[in-house]
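Contents: one structure, followed by commentary.
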There are 2 protein chains.
Amino acid sequence: MTSAIPLPEGVSEEEFLRLDRQICFSLHAASRAFNGVYRVVLKELGITYPQYLVMLVLWEQGELPVKKLGEYLRLDSGTLSPLLKRLEAAGLVRRERSARDERSVEVRLTEEGTALRERALAVPRRIVSATTFDVDEIRDLRDRLDRLTAALDEAALQDPAAH
Amino acid sequence: MTSAIPLPEGVSEEEFLRLDRQICFSLHAASRAFNGVYRVVLKELGITYPQYLVMLVLWEQGELPVKKLGEYLRLDSGTLSPLLKRLEAAGLVRRERSARDERSVEVRLTEEGTALRERALAVPRRIVSATTFDVDEIRDLRDRLDRLTAALDEAALQDPAAH
DNA sequence: CACCATTTAGTTGTACCCAATTGAATTGTG
DNA sequence: CACAATTCAATTGGGTACAACTAAATGGTG
């Protein structure tokens, strides 16, 4: 059984090409544009955007193992390990092997890492403001993107088999 | 003169934090999810998603200099140079210094590169289908993302001065 | 013609991102 | 208890992405 194809029959291959190109370009561009604004805003904090995402989770959750961090952010250890080392080198976090489970590494904030939160408080307002979107538009866009992500993740799992 | 802040006064800092987190995370996730689907679909063509974007432009435009390619894709030479070398190593493109202007490098398709288009024709349909979005939804999302990108690009230019 | 700013690719260094592998620790089963 | 399967972090390798820099070529301007 193939997955549902919600597109009308009468759409030409050229039309698909245009649509595909447009949506991918737009998404790619938006992602990089966001990154660009974050680069500017976070430069004064001395961290990158993915590092900021990690800090957000730590500020919210306190300490937690690399595994959990990866689940929250959907990143694997190949991405997180070097990133966390850089955060440790910057003095913002500490990494310690768990006593209970020697396989696990606990990531926790240092004094400095905790203190950084104060300076980071102004970031979201600046970012949201930079979008020129109002609260409802942002929520709406977020919902659409989440729906898109769910569909794509689903397809990535099923497609290799469907070929 | 500061840029317009379209947000109501009564929104708390915590609310901004949530919004910021959600929209950034969702965009990040969507971008990577798209990349994941492309990875799966393009594996049989032996190219990556950014390489596919380059091929799309070449299939459409014929030959063109690295500079123009970068303008179309919003990528600089630091990204394009190694990418194009890989496409050349794969036998899909050739790079030749322009006779008119020795600074410029023309990128053109090989026989093999041109031939690949046939096998790539099925890609857009599969990608669009994977989104489960219909044509209107895609166009609408594209428009929102483009609006977002324009606003963010604008902000990235002005923000350093605004501090 | 000589000088200088500009244009264009390429290189280097830093940082993500993912696939695949490694190695240590833990858990489940007989 | 022994041993296989699993879990978890780290590492390695290939591929973007961008900033800063280099180097060659071009195009004025005096």
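All figures in this text were calculated on a predicted structure; none of them were measured in a lab.
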Integer-rounded Å distance: [N] [atom2] and [X] [atom1]:
X        : N      : atom1 : atom2 : value
B:Arg100 : C:dT7  : CZ    : C1'   : 18 Å
B:Tyr38  : C:dC18 : OH    : C1'   : 18 Å
A:Asp76  : D:dC8  : CG    : C1'   : 12 Å
B:Arg39  : D:dT16 : CZ    : P     : 11 Å
B:Leu69  : D:dA17 : CG    : P     : 13 Å
A:Glu71  : D:dT7  : CD    : P     : 12 Å
A:Arg97  : C:dT26 : CZ    : P     : 10 Å
B:Phe34  : C:dC18 : CZ    : P     : 16 Å

Does C:dA9 have OP1 or OP2 under 4.0 Å away from a side-chain N or O of B:Ser104? yes

Using a cut-off of strictly less than 4.0 Å, decide whether B:Arg32 has a side-chain nitrogen or oxygen near OP1 or OP2 of C:dC18. yes

- prompt: Between the main-chain N or O of B:Glu96 and the side-chain N or O of B:Arg108, is there a donor-acceptor pair closer than 3.5 Å?
  reply: no

Backbone N or O of B:Lys68 within a donor-acceptor pair of the B:Glu71 side chain at under 3.5 Å?
no

Can B:Arg97 and B:Glu102 be counted as an ion pair, charged N to O under 4.0 angstrom? no

Note: for A:Asp101 and A:Arg86 on DNA chain C, the residue whose nearest nucleotide lies more 5' is A:Arg86

Nearest-nucleotide check on DNA chain C, B:Glu106 vs A:Gly78; residue mapping nearer the 5' end is B:Glu106

Look at all strands and tell whether [X] reaches a base, only sugar-phosphate, or nothing, counting heavy atoms closer than 4.0 Å.
X       : answer
A:Leu80 : nothing
A:Lys68 : nothing
A:Pro65 : sugar-phosphate

Looking at [N], does its base get a donor-acceptor pair with the side chain of [X] below 3.5 Å?
X        : N      : result
B:Arg103 : D:dT26 : no
B:Thr48  : D:dG15 : no
A:Ser77  : D:dA10 : yes

Side-chain contact check for B:Lys85: nearest option of D:dG15, D:dA10, C:dT11 is C:dT11

On DNA chain D, more 5' by nearest nucleotide between B:Thr79 and A:Val105 is A:Val105

What one should report as the nearest heavy-atom pair of A:Val57 and A:Leu73 is CG2-CD2, 3.8 Å

Q) So B:Trp59 and B:Tyr52, would you call those rings parallel, tilted or perpendicular, with 30° and 60° as cut-offs? A) perpendicular

